[in-house]
Amino acid sequence: MKFNPANIWALALVPVVVLADQVAKWLVLSEPRFNALACLDAPTMCGTIPLPGPIDFSMLWNRGMSYGFLQSEGIMRWVLSAVMLVIALGFLVWLMRAEGRLLKLSLAMVVGGAFGNLIDRVRFGAVVDFINANDLFFPWVFNVADAAISVGAVLLFVDQFLLSGRKQAKA
């Protein structure tokens, strides 16, 4: 594997995403109105803090992947964790070899988000979700890591599919 030194900034972005995600989750877990740790086994929201506008904070334990996909408990928690780790490491290797700023940015966001959620899964068996945009007709509760993964995935799509024609034309 050949490391590209120009990727240092993107590699440094990974722990920034993880830290932002974990600090936000720590604040949520520390909020007494959610009583989050006491409702770890509850399949419903732990509580909601209404905010002005279309977004509320609603604490929910997510036992699946991003946006609740592939819910798992017991041994499947560890299988899902292992799969997520392998995927995150694969994206990290890709990031270390990546060329192009948009590709590096997108991969760093995906990797940082994946590691942020993986930390929760290992610690609690579930991921802390708390951003509720239901008033925007978005039915999922999500977190900073999910947002980073989603934005990173969109940027990755743009880079790989929409801009790839431009890259090939220049070559």
Side-chain angles (χ1 to χ4, degrees), residues 10-31 33-37 39-51 53-73 76-92 94-95 102-161:
L11 289 170
L13 181 59
V14 171
V16 170
V17 171
V18 172
L19 184 63
D21 175 64
Q22 290 298 302
V23 166
K25 290 172 180 175
W26 174 77
L27 290 169
V28 168
L29 292 175
S30 300
E31 173 53 54
R33 289 178 281 182
F34 290 134
N35 199 22
L37 294 177
C39 80
L40 181 57
D41 295 323
T44 59
M45 286 186 200
C46 299
T48 297
I49 298 174
L51 300 174
I55 293 176
D56 294 326
F57 289 146
S58 300
M59 170 55 208
L60 177 70
W61 290 102
N62 178 357
R63 287 172 171 47
M65 291 178 75
S66 291
Y67 304 106
F69 180 66
L70 292 177
Q71 294 289 313
S72 61
E73 293 185 37
M76 290 309 293
R77 158 193 177 188
W78 298 107
V79 170
L80 182 57
S81 295
V83 168
M84 289 174 66
L85 178 61
V86 168
I87 292 169
L89 291 174
F91 274 79
L92 184 60
W94 187 6
L95 172 59
L102 186 60
L103 177 58
K104 293 173 194 179
L105 175 63
S106 65
L107 292 171
M109 293 180 75
V110 169
V111 171
F115 280 119
N117 280 342
L118 187 59
I119 290 168
D120 288 10
R121 184 158 320 284
V122 170
R123 283 182 67 201
F124 304 112
V127 174
V128 176
D129 283 346
F130 60 92
I131 303 169
N132 185 349
N134 202 13
D135 286 346
L136 295 174
F137 305 105
F138 188 78
W140 301 282
V141 179
F142 59 101
N143 59 44
V144 173
D146 292 334
I149 292 168
S150 297
V151 170
V154 168
L155 294 176
L156 184 60
F157 176 82
V158 168
D159 180 76
Q160 295 296 294
F161 296 104

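The residues of the chain are indexed from 1 along the displayed sequence.
Using a 4.5 Å heavy-atom threshold, the side chains of N132 and M45 count as touching. Counting heavy atoms from C-beta outward, D159 and K104 have side chains that stay 4.5 Å or more apart. By the 4.5 Å heavy-atom criterion applied to side chains, L37 and F124 are counted as neighbours. Side chains of I149 and N117 form a contact here, defined as non-hydrogen atoms less than 4.5 Å apart. No side-chain heavy atom of V141 sits less than 4.5 Å from a side-chain heavy atom of N62. Here the side chains of T48 and R33 are not in contact, with every heavy-atom distance at 4.5 Å or above. Contact annotation: the side chain of V128 approaches that of W61 to within less than 4.5 Å [non-hydrogen atoms, C-beta and beyond]. Inter-residue side-chain proximity for D146 and I131 is flagged as unmet; no heavy-atom pair is nearer than 4.5 Å.
Among residues two or more places apart in sequence or in another chain, the ring-ring contact (aromatic ring centres under 6.0 Å, His included) test is passed with F115 by none. Taking the side chain to side chain contact (heavy atoms under 4.5 Å, CB included) definition, one finds that V17 meets it with L13, A148, sequence neighbours left out. For F34, there are no ring-ring contact (aromatic ring centres under 6.0 Å, His included) partners, not counting sequence neighbours. Looking at residues two or more places apart in sequence or on another chain, you find no ring-ring contact (aromatic ring centres under 6.0 Å, His included) involving W26. Residues passing the salt bridge (Lys or Arg N to Asp or Glu O under 4.0 Å) test with R123: none are found, sequence neighbours excluded.
Between P50 and D56, the shortest heavy-atom contact is CA-OD1, 3.3 Å. Listed here is the closest heavy atom pair of L95 and A10: CD1-CB, 3.6 Å. Closest heavy-atom contact between A88 and V111: O-CG2, 3.9 Å. The minimum heavy-atom distance between V18 and G112, with the atom names listed, is CG2-O, 3.3 Å. Across all their heavy atoms, K25 and A145 have their closest contact at NZ-CB, 4.3 Å. Residues V16 and A12 approach most closely at CG2-O, 3.4 Å, considering heavy atoms.
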| query | Going through the distances and angles, do L27 and E31 end up as a side chain to side chain contact (heavy atoms under 4.5 Å, CB included)? | reply | CA-CA 6 Å; L27 290 169; E31 173 53 54; over 6 Å; no
| field | Full working for side chain to side chain contact (heavy atoms under 4.5 Å, CB included) between V144 and F130 | value | CA-CA 9 Å; V144 173; F130 60 92; 4.2 Å; yes
| said: Between L107 and L92, is the side chain to side chain contact (heavy atoms under 4.5 Å, CB included) condition met? List the steps. | reply: CA-CA 7 Å; L107 292 171; L92 184 60; over 6 Å; no
| field | Pair I49-M59, side chain to side chain contact (heavy atoms under 4.5 Å, CB included): steps then yes or no | value | CA-CA 9 Å; I49 298 174; M59 170 55 208; over 6 Å; no
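Applying the salt bridge (Lys or Arg N to Asp or Glu O under 4.0 Å) definition to pairs two or more places apart or across chains, none involves residues 105-117.
From I119, atom CD1 reaches atom CD of Q22 across 4.5 Å, with rounding to the nearest 0.5 Å. In this structure, CG on L103 lies 6.5 Å from CG on L156, to the nearest 0.5 angstrom. Distance check: N35 CG to L29 CG gives 11.0 Å after rounding to the nearest 0.5 Å.
The aromatic rings of W140 and F138 stand perpendicular to each other, their planes meeting at an angle above 60°, with 30° marking the opposite boundary.
The pair D41-R63 meets the salt-bridge criterion, since a charged nitrogen lies less than 4.0 angstrom from a carboxylate oxygen.
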